[in-house]
Amino acid sequence: MKLKECIKFNAGLNSKLLKERLGEQGQAYTTKEFQQDMELVFDRYNQDNFEEKRVYAGDIVFSLVLNQAIMVSEENAGRLISQQMVKLAIDPEQIDPWYLLYALNESDRIKNQRPAEERRTLITNLKNYELVLPELEQQKKIGEVYYQLLENLATAQRYAQKMKVTAVSFLNQVEKGGQTID
């Protein structure tokens, strides 16, 4: 099944329109917020469908630049997406959102459909990716494992960052002569 057969694609606004709309309605959802959402672990899918170019917690957004998808967090809800992003509207009775995230981000079947020379995903290519949909219960199991993986990776990244801060602080003290390495 092609993605366009089961997902509604909503590409973001071009830069000029985005700037015009931001003046009256809030902040943009950019690559920075996308990456923040990749680092955050948040509650289960809760799709709200108000404005097509605005994202809400639980929406799935695909970055055409980063070639990855993520679920929008509460922290970044209400932002407008740029033309580098595509909001994917799904039917949760047909597709588990966490399974879709796994498939778009990790599945070899999807990765093998991307042209090797394509650094940035074209929306027409994204719409034509073939997606294998197991039974919904199996999707949910795969999605849950993927969610747990992301949660564990986020925990490990936070721990690694704390270790780095501690080690660099100690090394700075050694350099200043306040500590020694035995």
Side-chain angles (χ1 to χ4, degrees), residues 1-13 18 25-111 113-114 120-121 123 125-127 129-158 161:
M1 164 182 305
K2 293 194 183 294
L3 287 180
K4 66 183 177 183
E5 295 170 5
C6 59
I7 297 173
K8 180 181 176 186
F9 293 80
N10 292 308
L13 298 169
L18 187 62
Q25 295 190 8
Q27 299 177 320
Y29 187 84
T30 65
T31 302
K32 176 184 173 188
E33 288 78 25
F34 183 92
Q35 290 174 323
Q36 284 176 344
D37 282 341
M38 289 189 72
E39 295 171 6
L40 295 173
V41 178
F42 36 80
D43 291 335
R44 285 288 175 194
Y45 184 72
N46 179 19
Q47 182 179 2
D48 292 327
N49 222 358
F50 297 102
E51 302 170 59
E52 287 188 354
K53 307 300 183 194
R54 191 172 297 281
V55 293
Y56 296 93
D59 283 345
I60 296 175
V61 175
F62 187 88
S63 170
L64 298 170
V65 175
L66 298 174
N67 297 321
Q68 290 189 311
I70 194 63
M71 193 178 293
V72 176
S73 67
E74 287 287 338
E75 181 178 302
N76 290 312
R79 295 178 185 260
L80 292 171
I81 57 173
S82 73
Q83 65 190 21
Q84 299 173 350
M85 309 284 173
V86 179
K87 183 168 74 170
L88 308 179
I90 65 169
D91 176 0
E93 299 296 320
Q94 184 179 10
I95 303 173
D96 179 74
W98 286 100
Y99 172 79
L100 180 61
L101 290 173
Y102 156 75
L104 291 173
N105 293 337
E106 311 297 341
S107 173
D108 287 340
R109 287 183 176 163
I110 295 289
K111 287 179 181 179
Q113 295 176 60
R114 290 185 183 135
R120 173 188 152 105
T121 301
I123 194 166
N125 290 349
L126 179 64
K127 287 180 178 181
Y129 289 160
E130 290 285 340
L131 178 66
V132 174
L133 286 178
E135 294 293 324
L136 190 57
E137 284 307 310
Q138 183 69 9
Q139 289 181 45
K140 288 180 180 184
K141 290 175 184 175
I142 293 169
E144 180 62 31
V145 170
Y146 188 61
Y147 174 84
Q148 291 299 319
L149 170 66
L150 293 180
E151 184 178 57
N152 291 340
L153 288 173
T155 300
Q157 287 173 343
R158 287 189 295 272
Q161 184 60 33

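Counting non-hydrogen atoms of neighbouring residues, nucleotides and ligands closer than 6.0 angstrom, the CD atom of Glu5 exceeds 12 such neighbours. Atom CZ of Arg109 is surrounded by 12 or fewer heavy atoms from other residues, nucleotides or ligands within 6.0 Å.
Taking all atoms of both residues into account, the shortest heavy-atom contact from Asp96 to Lys140 is OD1-CG, 3.5 Å. Shown here for Ile123 and Ala11, the closest heavy-atom pair between the two residues is CD1-CB, 3.9 Å. Heavy atoms only, all atoms of each residue included: Ala103 and Ile110 are closest at O-CG1, 3.3 Å. Here the closest heavy-atom approach between residue Ile60 and residue Ala69 is recorded as CG2-CB, 4.3 Å. Smallest separation of non-hydrogen atoms from Tyr129 and Gln113: CA-OE1, 3.0 Å. Residues Pro134 and Gln139 approach most closely at O-NE2, 2.8 Å, considering heavy atoms.
Interatomic distance, Leu100 CG to Leu3 CG, rounded to the nearest 0.5 Å: 7.0 Å. To the nearest 0.5 Å, atoms NZ (Lys2) and NZ (Lys4) are separated by 6.5 Å. Here the CZ atom belonging to Phe62 is positioned 11.0 Å from the CG atom belonging to Leu101, to the nearest 0.5 angstrom. With rounding to the nearest 0.5 Å, the separation of NZ in Lys127 from CD1 in Ile7 is 11.5 Å. Of the inter-residue distances, the one linking Met85 atom CE with Leu64 atom CG reads 8.0 Å to the nearest 0.5 angstrom. Remark: Thr121 OG1 to Asn67 CG distance equals 3.0 Å, nearest 0.5 Å.
Inter-residue side-chain proximity for Tyr102 and Val145 is flagged as unmet; no heavy-atom pair is nearer than 4.5 Å. By the 4.5 Å heavy-atom criterion applied to side chains, Tyr29 and Leu80 are not counted as neighbours. Using a 4.5 Å heavy-atom cutoff, the side chains of Val55 and Asn76 are not in contact. Looking only at side-chain heavy atoms (C-beta outward), Leu150 and Trp98 come within less than 4.5 Å of each other. A heavy-atom distance below 4.5 Å is found between the side chains of Lys111 and Glu106.
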Requested in this report: For the pair Glu151 and Gln148, evaluate side-chain contact (heavy atoms from CB on, under 4.5 Å) and give the outcome as yes or no after the intermediate values.
Outcome: CA-CA 5 Å; Glu151 184 178 57; Gln148 291 299 319; 3.1 Å; yes
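A donor-acceptor pair under 3.5 Å links the side-chain atoms of Arg54 to the main chain of Gly78, judged by distance alone. A distance-only check finds a donor-acceptor pair linking the side chain of Asp59 to the backbone of Tyr56 [under 3.5 Å].
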